[in-house]
Number of protein chains: 2
Amino acid sequence: MSEAAVVEPIGKRERTKVANRQAILVAARRVFAKLGYEAATVRDIIRGTELASGTFYNYFRSKEEVFEALADDGARRFRPILRQARENAKSFEDYLHSAFVAYFRFIVEDNQQEGLPIDQRRPHVRMDTPEMSAVYQEVRQSLEDAIAHGDAPRVDADYLACACIGIAQEVGSAMLRRSPPDIAAAADFATGLILKGLQGAPRQG
Amino acid sequence: MSEAAVVEPIGKRERTKVANRQAILVAARRVFAKLGYEAATVRDIIRGTELASGTFYNYFRSKEEVFEALADDGARRFRPILRQARENAKSFEDYLHSAFVAYFRFIVEDNQQEGLPIDQRRPHVRMDTPEMSAVYQEVRQSLEDAIAHGDAPRVDADYLACACIGIAQEVGSAMLRRSPPDIAAAADFATGLILKGLQGAPRQG
DNA sequence: TATGGAAATTGACGATGCGTCATTCTTGTG
DNA sequence: CACAAGAATGACGCATCGTCAATTTCCATA
């Protein structure tokens, strides 16, 4: 069967490398959810795999780096969704709303995957990875474009992006605490708050 | 000098207890600022005092408990400021603005005290202490009152409180990144955004 | 003032996690 | 098949953890 070579064209070396990395990430996700980031140890993570402790360090330098990889992964999955919302949007309001829906849907999915909601893990750790700040840049760029096109007043785009992200985070958390989480209602709230609030924001000198 | 007894009416026992606790908190604040919460160890903290390692555990059960005590302390100092802003406010807009100013002033002071701004410490840890959630309750109560008095539309008070807090946190962080931090401008932005946004927020059914 | 005992401090201890590295095993190549 | 490069392994030295028996400090009472 010559197809076998096509299905797995890469050598076993590379395959196990990818598999091991993935196994570590999967185990880490489970362990972080179960024990919280703080309490979790590299040994806890590695115990959730078939690997030896030393092997962990062939893939990541530390627990923090694993967390970053997970966060990066999340951001990397979210960014194209956000970008698409931007491209498909018929209006600024439409963009804002789709973006909030996308984010809220995203965190709902991320949370029902694991046991504990992110917010109930204590202490709560937030990390700025390159991909995370890429999401911020994405948001900010969209807002600046909207301002440039006259779809939004000429406000401080940095502050506005921060406000949008802050609202998304906190309202998103609040939404997750309710059952069942109503994504549409939360998105309506956030969109309405920001949109009609723009007129009141100070013009940028 | 009989006054000595008046100046220090309590016994040495109690005095050293208070002093030791304070010494640990002060050292912890310094260590967290220097190394970040994650990297800091109980030993690092205790080394910043004259005490032995075992003594730490007479005062706190863990590093986390020290952090909570610090956060609680912050919230405890902030709450009366917030309450006063509420009592002195001439209008809802006035209240919102004073509250934002109070918060932004608060974090500016808190940050210039230590070396690194809180936001540049990685990983970033956020914790919900009883006092922290008391601040949330305070904010939410104010908003509910405003709604009840007809000063604000009948929106979802929980979401609105979350949105205010999210805006305060993120815009506050952004403000700290600028130099010099312009408290008034940030407060104007946040107040304007929320106030004029209220009309657009969905009515609560 | 002297003293007995409660309370607080101390640092050593066993347990555990850290990151490293010499060794062993595995894989791809000639 | 043989060999070299690469990856996995787990034991090692070091650091921190939280505990606890021994010690010191303080205060109340005689």
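Residue numbers start from 1 in every chain, and the chains themselves are labelled A, B, ... in the order their sequence lines are given, proteins ahead of strands.
Residues B:T16 and B:K12 are in side-chain contact: their nearest non-hydrogen atoms beyond the backbone lie under 4.5 Å apart.
In this structure, the CG atom of B:N20 is 8 Å from the P atom of C:dT10, given to the nearest Å. B:E50 places its CD atom 14 Å from the C1' atom of C:dT10, with the value rounded to the nearest Å. Between the NZ atom of B:K17 and the P atom of C:dT9 there is a distance of 8 Å, given to the nearest Å. Note: CD1 (A:I46) to P (C:dT16) measures 19 Å, nearest angstrom.
By the ring-ring contact (aromatic ring centres under 6.0 Å, His included) test, B:F106 pairs with B:F78, sequence neighbours left out. With sequence neighbours left out, A:E68 forms a salt bridge (Lys or Arg N to Asp or Glu O under 4.0 Å) with B:R122. Judged as a ring-ring contact (aromatic ring centres under 6.0 Å, His included), and not counting sequence neighbours, B:Y136 has no contacts.
Residue whose closest nucleotide on DNA chain C sits further toward the 5' end, between A:V42 and A:N58: A:V42. Heavy-atom distances to DNA chain C give each of B:F56 and A:T41 a nearest nucleotide, and the one nearer the 5′ end belongs to B:F56. Residue order along DNA chain D, read from the 5' end via each residue's closest nucleotide, puts A:Y59 first among A:Y59 and B:A40.
Between B:Y37 and B:F32, the ring planes are tilted. Angles from 30° to 60° get that label. The aromatic rings of A:F60 and A:F56 are tilted relative to each other, their planes meeting at an angle between 30° and 60°.
Interface residues of residues 62-70 of chain B facing DNA chain D, ordered by number: none; criterion, heavy-atom separation under 4.0 Å.
Ion pairing between a basic and an acidic side chain is recognised when a charged N comes within 4.0 Å of a carboxylate O; A:D44 and A:K34 show no such pairing. Ion pairing between B:E109 and B:R105 fails under the 4.0 Å rule for side-chain N and carboxylate O.
Interatomic distance, B:N20 CG to B:L51 CG, rounded to the nearest 0.5 Å: 4.5 Å. Here the NE2-CG distance, from B:H97 to B:D188, works out to 4.0 Å after rounding to the nearest 0.5 Å.
Nucleotides of DNA chain D that come within less than 4.0 Å of any heavy atom of chain A span, from the 5' end to the 3' end, D:dA5 to D:dA11.
Pairing each heavy atom of B:V101 with each of B:I183, the nearest pair is O-CG2, 4.0 Å.
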Do any N or O atoms of the protein come closer than 3.5 Å to N or O atoms of nucleotides 24-30 of chain C, and which pairs are they?
unit_1	atom_1	unit_2	atom_2	d
C:dT26	O2	A:R13	NH2	2.8
C:dT27	OP1	A:K12	NZ	2.8
C:dG28	OP1	A:K12	N	2.5
C:dG28	OP1	A:R13	N	3.1

